[in-house]
2 protein chains.
Amino acid sequence: MKLTRECEYAVRCVLYLSHEGKEIVVGRRRIAEEMEIPGPFLGKIAQQLARSNIIEIVQGSKGGFRLVPSPEKLTLLDVIEAVMGKVYLNDCVLRPDSCFRSPTCHVRLVWKAATERLRETLRKTSFAKLLEAESEYLSSD
Amino acid sequence: MKLTRECEYAVRCVLYLSHEGKEIVVGRRRIAEEMEIPGPFLGKIAQQLARSNIIEIVQGSKGGFRLVPSPEKLTLLDVIEAVMGKVYLNDCVLRPDSCFRSPTCHVRLVWKAATERLRETLRKTSFAKLLEAESEYLSSD
DNA sequence: TTATATCGGATAAATAAAATCCGATTTATC
DNA sequence: GATAAATCGGATTTTATTTATCCGATATAA
Ligand code: SF4
Ligand code: SF4
């Protein structure tokens, strides 16, 4: 019932890239250091983000990662499902056949509803909003 | 981001006991068989449910488990938190100190809100409702 | 007293998460 | 071109968690 650290790191990475701006290439080491992510692990995570076209990986000297979509269009759900696959709370939500009770089980319907509610919450949160909220917070000092 | 099997089994067990009725003692083997739960594992789970006063364990010959609260008062959240501890989606929701970003991080607020929404959904679902819904479904054949 | 149950602590097995390693490859710069 | 600075991506290792079982102790009905 919990986020994996992999997801958490992915969100942090994208948050950092959003902050730097859409077209800017930022080195892996720098992201890892500033966001407290184990460097080589970030590499692995980046590969998954790249497969989902959330970032573009630039190789070679001065290489790094660059955000592809604009932060307005990019949601928490996009990033999380890029590294975790589809979000759901119980196997039977996705594969009803996995349980003999599923034809009559109303617990399953609760999990289904809760899953959709959760995905909806994440879908509604864009990185643009997150950045805006944080900068407002900081400027109100 | 997923329910453990332990939780799933706990819910099934309580569902079965609710169905049988509040004062009835049902043997562990029978519950395990009918609900497809590994027998000894159910024993462990039952101990946790007993600690939270959700069931009472009757020892000795003809022993087994008995539901303590009435199904109207008992919610999915009660059962799940009895075996998992408090439900939350990310460490920083419960322990803000676990992350250096938490003072300004708005992702954290999303996790917090989503966690509360999830708990609310589970809190609203009583076992009485679940049973009723299933029996309605069955009688509409 | 015996047969039937569960208890509860310890432990084993299986699975998944988290992290790292390293040869290959790509690119900027001199 | 040669060199240095990056990441790639597959394999592997380490660690943590989940899942399940074992067994001597204990409790109860008959
Ligand atoms: S018992 Fe219900 S909730 Fe549990 S796995 Fe089966 S269908 Fe899903
Ligand atoms: S970065 Fe934000 S969401 Fe992630 S752990 Fe830290 S406080 Fe929580």
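Each chain gets a letter, A, B and so on, in the order the sequences are listed, and its residues count up from 1.
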Give the intermediate values and the outcome of side-chain contact (heavy atoms from CB on, under 4.5 Å) for residues A:Phe65 and A:Glu56. CA-CA 6 Å; A:Phe65 313 141; A:Glu56 214 169 76; over 6 Å; no
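- B:Thr125 places a side-chain N or O within 3.5 Å of a backbone atom of B:Thr121 that can act as its donor or acceptor partner.
- Of all nucleotides listed (C:dC7, C:dA18, C:dT4), C:dT4 comes nearest to the side chain of B:Ser61.
- In the set D:dT7, C:dT6, D:dT21, C:dT6 carries the atom at the smallest distance from any side-chain atom of B:Arg28.
- The distance between atom CZ of B:Arg66 and atom C1' of D:dT28, rounded to the nearest whole Å, is 13 Å.
- Each of A:Tyr9 and A:Val58 was matched to the nucleotide of DNA chain C holding its nearest heavy atom; the match closer to the 5' end belongs to A:Tyr9.
- With D:dC8, C:dT20, C:dT6 as the choices, the nucleotide that has an atom nearest any side-chain atom of B:Gln59 turns out to be C:dT6.
- Summarising the geometry, the separation between CG on B:Leu49 and C1' on C:dG8 is reported as 15 Å, rounded to the nearest angstrom.
- Counted by atom type alone, B:Tyr88 and B:Arg119 present zero donor-acceptor pairs between their side chains at under 3.5 Å.
- The 5' end of DNA chain C is approached more closely, in terms of each residue's nearest nucleotide, by B:Arg29 than by the other of B:Arg29 and A:Leu42.
- Checking C:dA28, D:dT21, C:dT6 against every side-chain atom of B:Phe65, the shortest atom distance belongs to C:dT6.
- Residue A:Lys44 contributes atom NZ, which lies 16 Å from atom P of C:dA17 at whole-angstrom precision.
- Contact check on B:Glu20 versus B:Arg30 returns a salt bridge, with a Lys/Arg side-chain nitrogen under 4.0 Å from an Asp/Glu carboxylate oxygen.
- The distance from atom CG of A:Asp91 to atom P of D:dT18 is 15 Å, rounded to the nearest whole Å.
- Look at CZ on B:Phe41: it is 15 Å from P on C:dC7, rounded to the nearest Å.
- Atom CD of A:Glu56 and atom P of C:dT26 are 16 Å apart (whole Å).
- Atom NZ of A:Lys62 is separated from atom P of C:dC30 by 9 Å (rounded to the nearest Å).
- Nearest to the side chain of A:Pro40, among C:dA3, C:dT20, C:dT6, sits C:dT20.
- Look at B:Arg5 and you'll find a side-chain N or O under 4.0 angstrom from OP1 or OP2 of D:dA20.
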